[in-house]
Amino acid sequence: MGKSKIFTLKFADDIVTFAVDREGLTEMLLDLERYTQKSSLVLNVQKSKILIFRRGGRRAAAEHWSFGGQQIEVVNKRREEIEIVNGKYMKMILGLNFNTPDYLWAMELGRNDLECVAIKRGFKYVLHILEMNEKRWSLICLKEMMNPNCNPKFIWWADFERMVNNVGSCELVAAMRQNQMLETFINATQVQRNANGLGFSETQVDCVWASVVSVYCLGATVGSLFISYVVERFGIRKSLSVNNVILVIGVAFICLAFYVKSYELMVIGRFVIGVNTGLNAGLAPIYLTEIAPKNIRGATGATYQLTVTIAILLSEGLAHPSLLGTSNNWPYLCALTAIPAILQFIG
């Protein structure tokens, strides 16, 4: 606790000892056995329990402890029991009545419910795996466990799915199974933000995702309304340069949304890119018709729409899961949009 190490807690005729490893616990039990023999005391081994906390892994089959020749029972940690003991201890420290609601001392001390902490850690671990490279075995194994037909002996994912369903975020698991990367990102972001570990419902996820998609059209409408103003203010060539800057800003918002875990930035980025598209729909054909010779002016103006169609085809190909269409690589796919704008701005 802080810079101090606590090895023993004593209260009335009860005692709790702490150890960082099995050897330390064994040594403590031997010391306690020598002390009880020397002081003519008796330890009730039947009521004594050993509780093990681990950072992954399982308890070895041969791992056991004994006292005075009698084996001590090793029990699994139970969240409910730990919370009860934790609540009583905190109320005693604060001088509160034992019938005081738990949320009062928890709010006073800034403590979250242990179940919420466990849920958030579970989500954080899964998100960390999903952000790995596609060739990492951790991600490959996770995707295999997400398969409904996976061998039931893989209980880790089943436990996670049960935990998610208990807090009403079953849509998140469905989105992960269907490889809906951005929907998963939206819901997982909400889970990390929420102190109680709750995510969006299916309807809420659809609303946020609909906002991300539709705000692009709103931005394009706004951008198209300012075409004449921008041309008169900057001229056609400078207007294209200004529009390229707008595109880079929009892409930066979207990419930043991934790293700071903010779907709001994604909405803003989509709106800014929509403004760029609306301006570009008028600026590009005007510029092409101005620089094209008279005999091919009509065909040159039509190349704008052809270029847009080719770009859509290219983006669909790059968005394939074997390329950049993954939960870890989609920001790079969005960042590619800024490359033509930067090249045009430099040129």
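- Side chains of Asn244 and Ile342 form no contact here, defined as non-hydrogen atoms less than 4.5 Å apart.
- Here the side chains of Leu279 and Ile227 are in contact, with some heavy-atom distance below 4.5 Å.
- Once rounded to the nearest 0.5 Å, the distance linking CE of Met92 with CE of Met90 reads 10.0 Å.
- The line from OG1 of Thr307 to CG of Leu288 is 8.0 Å long, rounded to the nearest 0.5 Å.
- Under the 4.5 Å side-chain heavy-atom criterion for ILVMFWY residues, a single connected hydrophobic cluster contains both Val74 and Val45.
- When the side chains of ILVMFWY residues are joined at heavy-atom separations under 4.5 Å, either directly or via intervening members, Leu225 and Tyr229 end up in a single hydrophobic cluster.
- A cation-pi arrangement, defined by a distance under 6.0 Å to the six-membered ring centre and an angle within 45 degrees of its axis, is absent between Lys261 and Tyr259.
- The CG atom of Leu29 lies 5.5 Å from the CD1 atom of Ile50; values are rounded to the nearest 0.5 Å.
- Put simply, CD1 on Ile310 and CD on Gln305 are 11.0 Å apart, with the number rounded to the nearest 0.5 Å.
- Contact of the Trp65 side chain with the Arg22 side chain is registered, since non-hydrogen atoms from C-beta on lie closer than 4.5 Å.
- Closest heavy-atom contact between Leu240 and Ala284: CD2-N, 4.3 Å.
- Atom-to-atom distance recorded for Cys334:SG and Leu256:CG is 12.5 Å, nearest 0.5 angstrom.
- Taking 4.5 Å as the limit, some side-chain heavy atom of Leu318 sits within range of a side-chain heavy atom of Leu336.
- Looking at heavy atoms from C-beta onward, Ile246 lies in side-chain contact with Asn243 at the 4.5 angstrom threshold.
- Taken from CG in Asn276 to CZ in Phe271, the straight-line distance is 12.0 Å, to the nearest 0.5 Å.
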So Val212 and Tyr263, side-chain contact (heavy atoms from CB on, under 4.5 Å) or not? Walk me through it. CA-CA 8 Å; Val212 173; Tyr263 50 82; 5.6 Å; no
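- Tracing side-chain contacts under 4.5 Å through hydrophobic residues (I, L, V, M, F, W, Y), one never reaches Tyr35 starting from Ile72; they form parts of separate clusters.
- A 4.5 Å side-chain heavy-atom check between Thr36 and Val42 finds every atom pair outside the cut-off.
- Counted within 6.0 Å of CZ on Phe226, heavy atoms from surrounding residues, nucleotides or ligands total 12 or fewer; the atom is thus considered open.
- Looking at heavy atoms from C-beta onward, Met28 lies out of side-chain contact with Leu32 at the 4.5 angstrom threshold.
- Each of Lys49, Gln46, Lys47 was checked for a side-chain contact (heavy atoms from CB on, under 4.5 Å) with Glu73, and the lone residue meeting it is Lys49.
- Crowding of Tyr332 atom OH: a count of heavy atoms from other residues, nucleotides or ligands under 6.0 Å not exceeding 12.
- Val16 is not connected to Val20 by any chain of hydrophobic side-chain contacts under 4.5 Å among Ile, Leu, Val, Met, Phe, Trp and Tyr, and they are in different clusters.
- Shown here is Lys294, whose NZ atom has no more than 12 heavy atoms of other residues, nucleotides or ligands within 6.0 Å.
- Counting heavy atoms of neighbouring residues, nucleotides and ligands inside a 6.0 Å radius, atom CZ of Phe253 does not exceed 12 of them.
- Side-chain atoms of Ser239 come within 3.5 Å of backbone N or O of Val230 as a donor-acceptor pair.
- In this structure, the side chain of Arg270 does not engage the main chain of Val215 through any donor-acceptor pair within 3.5 Å.
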Glu27 and Asp31: CA distance, side-chain angles, deciding distance, side-chain contact (heavy atoms from CB on, under 4.5 Å) verdict: CA-CA 6 Å; Glu27 186 63 29; Asp31 290 340; 3.6 Å; yes
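- Here the closest heavy-atom approach between residue Met266 and residue Ile254 is recorded as O-CG1, 4.2 Å.
- In terms of heavy atoms, Cys255 sits closest to Pro331 at SG-O, 3.4 Å.
- The shortest distance between side-chain heavy atoms of Leu247 and Asn280 does not fall below 4.5 Å.
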